[in-house]
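Excluded from the calculations below are hydrogen atoms, water molecules and symmetry mates; all remaining heavy atoms, backbone and side chain alike, are included.
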Amino acid sequence: MAEIIQERIEDRLPELEQLERIGLFSHAEIKAIIKKASDLEYRIQRRALSKEDFINYVQYEINLLELIQRRRIRIGYSFKKDEIEESIVHRVQGVFRRASAKWKDDVQLWLSYVVFCKKWATKAQLSKVFSAMLAIHSNKPALWIMAAKWEMEDRLSSESARQLFLRALRFHPQCPKLYQEYFRMELMHAEKLRKEKQEFEKAKMDVGTLEYPEEILMGELARIIYKNSVNIIKSAEFHVSLLSVAQLFDFAKDLQREIYDDLQALHTDDPLTWDYVARRELEIQSQPGEEQPATKQARAMEVDRKEERCCAVYEEAVKTLPTEAMWKCYINFCLERSAKKTSSQSLRGKRLERTMTAFRKAHELRLLPEFLYKQWIELLLHHDFLKEALQVVVAGIELFRDSVMMWQMKLQVLIKSKSPDIAKLFEEAFVSLKPQVCLPLWISWAEWSEGANSQEDTEAIYKKAILAVTGADSVTLKEKYLDWAYRSGGYKKARTVFKSLQESRPFSVNFFRKIIEFEKEQESCKMANLREYYERALREFGSGDSDLWMDYIKEELNHPLGRPENCGQIYWRAMKMLQGESAEEFVTKHAMHQAGHL
């Protein structure tokens, strides 16, 4: 192995001598490079190979290339690149080839190889890398697309890109993304040919010897891809995606019309089709002869007319396709338009009216999903339509009686309307809902009570909640209870609550950290109390939380009444209790802390 390493170092000497001779590096720097290179070579030649060693080797060489580049710019020297940079690039490619042969399945390694070649190697070399990668990872459409895009955009080879897409489709005949990108590529190719032809015609050059078939210029190849793909992938979403691509190319108006007409003919029963057709009304521009609206009011009226046309399409859609999904598209459109800012009060009013009408109709037909009831109620509350909000939320609870969200919405409505029935609502909700889903309601009740009732009433709610909510959900509740106790009654109250809960498992680390923080905020912070809290916390989390042990040690060191002599004992207890990575983290943190105090 030593002979191989020596031979590889000797192979470097000509480039290193050139670097020193032309003044890019000093003699001392060359010696440092040789020393580092020897170490890196040793690591990638040993029997037990590590991927990280190969990555470190490559990264060092890239850093060296970039440093050479910067120094060339600084001294203004651009010669001898074939003897210096090309030699390094060739060596790095060899390392990448070895690594990618050893760890064939590592896509990230292949992508690093591609990125390196894009910056430092020739296009022919990168083309070979893509071929090697795709031979192994032919099951990944994204890699085929990346290679084809590079051939098209960087190498300017439409034919190579086309061949890659055709090979990819043999492996992935059902992949929508491949068809989309292939379709886009053919349209880009047609656009490129059209521009070329225009340039030649402008220069009054004879293009008779060059081939510019009219059907290719009009996107006929893209049309063939479109026709084939929609016969294989029969979905409105895919159809719309191809139409969106076609709309990026002005010359493809006929193709856009064909795709649009096919969408309406083939996917009438899909809400996405109707949604697309309706929203398209917003994009329809005024005819060339028509006068453009000049004032803000005229522009607002124009927008209003477009939105009316959209809603007319949606109205037809919900009659033709009376489903929850179709109403969802309609209402989402209305909500989006309502959220748009406008200075026109009339337009704002019409948008709100259209939105409310859509909600009411969907509700009457019982085709409104739960999350849209929430949005409807929030909209009603925002505009202070409290009476209707209450009616809607009552109707929503009738439909979704086991939904915590609907009960929470009712709570919001009652609070905003200053109803005296809030406590009664909670009792009613807890009867209707399963105990395991009630945590958000208990928290809402306690938070409402804090602002509306006495401390005794709020504490009674927390105590009821602690008994009712069990398992992991109770952890959040205990933290909230402790926070409230400190806010409302200070440290003394918080300590009482902590004492009352200290045996009510499960806990979170945060629960103990809160009481520790409350203790430390006191003027007479008692070390005995801190020790008690840390000991209780470590009883629960000492086997996995290295930070707790470190904070305990720091407290003994830094507190005026701390006992530094206890730190050694705490350290050995930590080493016995902590497991796996937590123990390693603790040793590292402890060493760093000690080094900082030396």
Side-chain angles (χ1 to χ4, degrees), residues 271 274-275 278 307-308 310-312 314-315 317-319 321-342 345-434 437-445 447-449 451-452:
W274 287 100
D275 192 41
E307 289 178 6
E308 281 287 356
C310 293
C311 289
Y314 279 117
E315 288 292 341
V318 293
K319 285 175 190 167
L321 202 63
T323 63
E324 191 176 281
M326 191 65 254
W327 276 103
K328 179 184 164 187
C329 291
Y330 186 7
I331 290 168
N332 280 342
F333 170 79
C334 292
L335 288 169
E336 284 171 28
R337 300 313 296 178
S338 290
K340 293 274 182 189
K341 289 185 178 178
T342 176
Q345 198 167 345
S346 169
L347 182 56
R348 277 201 304 273
K350 285 186 179 180
R351 283 173 171 172
L352 181 61
E353 186 184 338
R354 283 194 284 262
T355 307
M356 291 302 182
T357 303
F359 271 123
R360 288 170 194 140
K361 285 181 178 176
H363 167 64
E364 285 167 15
L365 294 167
R366 289 179 170 254
L367 291 171
L368 198 61
E370 182 188 337
F371 75 95
L372 282 179
Y373 271 100
K374 179 177 184 283
Q375 287 183 278
W376 188 10
I377 295 160
E378 285 171 346
L379 190 64
L380 290 165
L381 289 176
H382 179 72
H383 291 281
D384 290 325
F385 300 151
L386 299 180
K387 188 178 177 183
E388 188 177 354
L390 187 56
Q391 291 168 353
V392 171
V393 80
V394 167
I397 284 174
E398 285 300 314
L399 291 168
F400 306 101
R401 196 147 191 87
D402 58 351
S403 165
V404 178
M405 184 177 73
M406 289 309 301
W407 286 100
Q408 283 185 300
M409 293 313 300
K410 188 172 182 181
L411 169 65
Q412 282 187 35
V413 173
L414 293 180
I415 289 173
K416 188 147 187 183
S417 56
K418 297 183 171 58
S419 168
D421 301 328
I422 293 173
K424 186 180 166 187
L425 163 76
F426 282 111
E427 300 291 354
E428 187 186 344
F430 294 134
V431 171
S432 301
L433 296 169
K434 294 175 183 174
V437 299
C438 287
L439 175 64
L441 272 179
W442 281 112
I443 292 171
S444 296
W445 192 8
E447 286 173 350
W448 166 77
S449 178

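Closest approach of Ala358 and Cys334 over heavy atoms only: CB-SG, 4.3 Å. In this structure, Ile331 and Ala362 approach most closely via the heavy-atom pair CD1-CB, 4.0 Å.
Applying the salt bridge (charged side-chain N to carboxylate O under 4.0 Å, His left out) test to residues at least two apart or on different chains, the pairs with a partner in residues 407-422 are Asp384-Lys416. Applying the ring-ring contact (aromatic ring centres under 6.0 Å, His included) definition to pairs two or more places apart or across chains, those involving residues 404-426 are Phe426-Trp445.
Between the side chains of Asp275 and Tyr330, no donor-acceptor pair of N or O atoms lies under 3.5 Å.
Partners of Glu427 under the salt bridge (Lys or Arg N to Asp or Glu O under 4.0 Å) rule, at least two apart in sequence or in another chain, are Lys464. Applying the side chain to side chain donor-acceptor pair (under 3.5 Å) test to Lys387 and every residue at least two apart in sequence or in another chain returns nothing. Every side chain to side chain contact (heavy atoms under 4.5 Å, CB included) that Thr342 has, sequence neighbours left out, goes to Ser344, Leu347, Arg348, Arg351. When the salt bridge (Lys or Arg N to Asp or Glu O under 4.0 Å) test is applied to Glu447, the partners found at least two apart in sequence or on another chain are Lys480. With sequence neighbours excluded, the residues forming a ring pair (Phe, Tyr, Trp, His ring centres under 6.0 Å) with Tyr373 are His363, Phe400, listed by chain and number. For Glu370, the salt bridge (Lys or Arg N to Asp or Glu O under 4.0 Å) criterion is met by no residue, not counting sequence neighbours. Here Arg354 pairs with Asp304, Glu307, Glu308 under the salt bridge (Lys or Arg N to Asp or Glu O under 4.0 Å) rule; sequence neighbours left out. Evaluation of the side chain to side chain donor-acceptor pair (under 3.5 Å) rule for Lys328 yields no partner, not counting sequence neighbours. Considering only residues two or more places apart in sequence or on other chains, Ala325 meets the side chain to side chain contact (heavy atoms under 4.5 Å, CB included) condition with Pro271, Thr323. The side chain to side chain contact (heavy atoms under 4.5 Å, CB included) test applied to Ser449 returns Asn453, Asp457, Thr458, Ile461, not counting sequence neighbours.
The pair Glu315-Lys319 does not meet the salt-bridge criterion, since no charged nitrogen lies less than 4.0 angstrom from a carboxylate oxygen.
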Item to check | Working for side-chain contact (heavy atoms from CB on, under 4.5 Å), residues Gln408 and Leu441 | outcome: CA-CA 7 Å; Gln408 283 185 300; Leu441 272 179; 3.9 Å; yes
Next on the checklist: Between Gln412 and Leu381, does the side-chain contact (heavy atoms from CB on, under 4.5 Å) criterion hold? Intermediate values first, please.
Outcome noted: CA-CA 9 Å; Gln412 282 187 35; Leu381 289 176; 4.0 Å; yes
Next on the checklist: Is there a salt bridge (Lys or Arg N to Asp or Glu O under 4.0 Å) between Glu428 and Lys424? Walk through the geometry before answering.
Outcome noted: CA-CA 6 Å; Glu428 187 186 344; Lys424 186 180 166 187; over 6 Å; no
Checklist entry - When you look at Phe333 and Cys310, which way does the side-chain contact (heavy atoms from CB on, under 4.5 Å) test go after all the steps? => result CA-CA 9 Å; Phe333 170 79; Cys310 293; 3.5 Å; yes
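One finds the CD1 atom of Ile422 at 11.5 Å from the OG atom of Ser444 (value rounded to the nearest 0.5 Å). Interatomic distance, His382 NE2 to Gln375 CD, rounded to the nearest 0.5 Å: 13.5 Å. The structure places CE of Met326 at 12.0 Å from CG of Leu367, a figure rounded to the nearest 0.5 Å. Note that NZ of Lys350 is 11.5 Å distant from SG of Cys311, once rounded to the nearest 0.5 Å. Atom SG of residue Cys329 and atom OH of residue Tyr314 lie 6.5 Å apart, to the nearest 0.5 angstrom. How far CG of Leu368 is from CZ of Arg366: 11.5 Å, rounded to the nearest 0.5 Å.
Residues Val393 and Leu380 fail the side-chain proximity criterion, which asks for heavy atoms closer than 4.5 Å. Ile443 places none of its side-chain heavy atoms less than 4.5 Å from the side chain of Trp448. The side-chain heavy atoms of Leu352 and Leu379, taken from C-beta on, include a pair separated by under 4.5 Å. Residues Glu388 and Trp376 form a side-chain contact, since some pair of their non-hydrogen atoms from C-beta on lies under 4.5 Å apart. Using a 4.5 Å cut-off on side-chain heavy atoms (C-beta onward), Lys374 and Met406 make no contact. Between Asp402 and Lys434, the closest side-chain pair of non-hydrogen atoms is not below 4.5 Å. Contact of the Leu372 side chain with the Asn332 side chain is registered, since non-hydrogen atoms from C-beta on lie closer than 4.5 Å. Residues Cys438 and Phe430 meet the side-chain proximity criterion, which asks for heavy atoms closer than 4.5 Å.
Heavy atoms of other residues, nucleotides or ligands lying less than 6.0 angstrom from CD of Glu353 number 12 at most.
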